[in-house]
Amino acid sequence: MVTNPNEQEEVDQWHEALLRVRYAETDKMGVVYHANYLVWFEIGRTEFCRARGFSYRDMEENENAFLVVAESYCRYKAPAYYDDVLIVRTHITELRRRSLRFGYELVRESDGVVIAEGETGHVVTDGNGRVRSMPTGFAELLLAPPNEPVVAGEPVSEEPPL
């Protein structure tokens, strides 16, 4: 499970990012096409990492480490529609030396309905696809509290609008 049982509380903390459903993400019936949920999970984990002070690019270019998606799961609970604002909630459910798992919830902001939940499992590899250990310091960053809130890559002001 977690590298240190004392870290379980930090692992259970959710990170939230916002996104708006684009027209191109819907099908003929006006419902979000199912494959987009996995893209949104990627947005969630990317923003989760970015809020903790690093990006995938940092790992790839500076450490020759890649978080390869080894498995994914999504349970669709309610439809999402064009122009819905969604909260992508992401947290780490498991962190090991050579692998980790992220959990997700997609929540419609307007009514709080959970529209989907899921999980992705990742294996740490080098550029040649060989399994390797997580680079030094990245596990600590993953378990650290976020630096600042983000909305699809942009910092969110903590001050209310005027």
Side-chain angles (χ1 to χ4, degrees), residues 1-21 25 32-60 62-80 84-109 111-126 129-156:
M1 294 250 299
V2 177
T3 54
N4 177 345
N6 296 332
E7 296 169 342
Q8 185 64 43
E9 187 175 311
E10 286 99 20
V11 170
D12 288 334
Q13 292 182 4
W14 292 89
H15 178 266
E16 295 184 351
L18 294 176
L19 62 87
R20 185 177 300 273
V21 176
E25 294 169 321
V32 169
Y33 180 68
H34 69 277
N36 290 300
Y37 291 79
L38 295 176
V39 173
W40 296 340
F41 289 174
E42 180 182 357
I43 290 170
R45 68 180 173 267
T46 298
E47 297 306 328
F48 180 97
C49 294
R50 189 170 282 130
R52 281 151 180 82
F54 74 97
S55 69
Y56 279 169
R57 180 177 289 176
D58 295 334
M59 290 181 68
E60 294 172 356
N62 301 329
E63 302 291 338
N64 190 34
F66 298 80
L67 296 180
V68 176
V69 177
E71 62 180 299
S72 62
Y73 164 80
C74 184
R75 178 177 177 148
Y76 307 96
K77 301 182 90 167
D84 280 350
V85 175
L86 303 178
I87 303 166
V88 183
R89 299 183 71 221
T90 307
H91 70 151
I92 293 178
T93 60
E94 182 179 76
L95 179 59
R96 296 178 182 252
R97 198 166 52 95
R98 296 177 177 220
S99 65
L100 70 154
R101 299 182 78 74
F102 288 94
Y104 310 92
E105 286 183 347
L106 292 169
V107 180
R108 188 174 15 255
E109 184 183 52
D111 58 11
V113 170
V114 176
I115 62 165
E117 58 190 14
E119 190 171 72
T120 54
H122 303 260
V123 175
V124 184
T125 70
D126 64 17
R130 289 185 293 247
V131 176
R132 59 159 290 182
S133 294
M134 180 78 67
T136 305
F138 282 91
E140 292 78 10
L141 288 171
L142 286 164
L143 296 175
N147 295 329
E148 60 183 81
V150 249
V151 176
E154 297 298 322
V156 177

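Sequential numbering from 1 along the given sequence is applied to the chain's residues.
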Undergrad: Any chance you could measure I87, atom CD1, to R108, atom CZ, to the nearest 0.5 Å?
TA: 11.0 Å

Undergrad: Is E60 salt-bridged to R57, cutoff N-O under 4.0 Å?
TA: no

Undergrad: Applying ring pair (Phe, Tyr, Trp, His ring centres under 6.0 Å), can you list everything that pairs with F138, at least two apart in sequence or on another chain?
TA: F54

Undergrad: Taking ring pair (Phe, Tyr, Trp, His ring centres under 6.0 Å) as the definition, give me every residue that meets it alongside Y76, ordered by chain and number, with sequence neighbours left out.
TA: Y37

Undergrad: Could I get the full list of side chain to side chain contact (heavy atoms under 4.5 Å, CB included) partners for E25, not counting sequence neighbours?
TA: V21, R22, N36, W40

Undergrad: What distance separates T90 OG1 from E16 CD, expressed to the nearest 0.5 Å?
TA: 9.0 Å

Undergrad: Not counting sequence neighbours, which residues clear salt bridge (Lys or Arg N to Asp or Glu O under 4.0 Å) with R52? List them please.
TA: none

Undergrad: Under a 4.5 Å cut-off applied to non-hydrogen side-chain atoms, are V124 and L67 in contact?
TA: yes

Undergrad: Could you list the residues that satisfy side-chain hydrogen bond (donor to acceptor under 3.5 Å, both in side chains) with Y56, not counting sequence neighbours?
TA: R45

Undergrad: Dump the intermediate steps for side-chain contact (heavy atoms from CB on, under 4.5 Å) on H91 and E105, then the final yes or no.
TA: CA-CA 9 Å; H91 70 151; E105 286 183 347; over 6 Å; no

Undergrad: Main chain of L86, side chain of D84: is a donor-acceptor contact present, judged purely on distance under 3.5 Å?
TA: no

Undergrad: How would you list, by chain and number, every residue that makes a salt bridge (Lys or Arg N to Asp or Glu O under 4.0 Å) with D58, sequence neighbours excluded?
TA: none

Undergrad: Which distance, rounded to the nearest 0.5 Å, do you find between the CZ of F41 and the CZ of F48?
TA: 15.0 Å

Undergrad: With sequence neighbours excluded, what pairs up with V131 under the side chain to side chain contact (heavy atoms under 4.5 Å, CB included) test?
TA: R98, V123

Undergrad: Could you work out, with side-chain hydrogen bond (donor to acceptor under 3.5 Å, both in side chains) as the rule, every residue matching N62, not counting sequence neighbours?
TA: none

Undergrad: Could you state the interatomic distance from CD (E47) to OG (S55), rounded to the nearest 0.5 Å?
TA: 10.5 Å

Undergrad: Any pair with a residue in residues 115-125 that passes side-chain hydrogen bond (donor to acceptor under 3.5 Å, both in side chains), sequence neighbours left out, goes on the list, sorted by first then second residue, please.
TA: T93-E119, R101-E119, Y104-T120, T120-H122

Undergrad: Under the rule for salt bridge (Lys or Arg N to Asp or Glu O under 4.0 Å), what residues qualify as partners of R75, not counting sequence neighbours?
TA: none

Undergrad: My understanding is that only residues two or more places apart in sequence, or in another chain, count here; which of them pass salt bridge (Lys or Arg N to Asp or Glu O under 4.0 Å) with E63?
TA: none

Undergrad: Just do the side-chain contact (heavy atoms from CB on, under 4.5 Å) check on R20 and V85 with the steps written out, would you?
TA: CA-CA 4 Å; R20 185 177 300 273; V85 175; 3.4 Å; yes

Undergrad: From S72 OG over to E42 CD, what is the distance, rounded to the nearest 0.5 angstrom?
TA: 11.5 Å

Undergrad: Please list all pairs passing the salt bridge (Lys or Arg N to Asp or Glu O under 4.0 Å) test where one or both residues lie in residues 130-145, with sequence neighbours left out.
TA: D126-R130

Undergrad: What's the spacing between I43 CD1 and L18 CG if we round to 0.5 Å?
TA: 11.5 Å

Undergrad: Within the structure provided, determine whether C49 and L142 are in side-chain contact (heavy-atom separation under 4.5 Å).
TA: yes

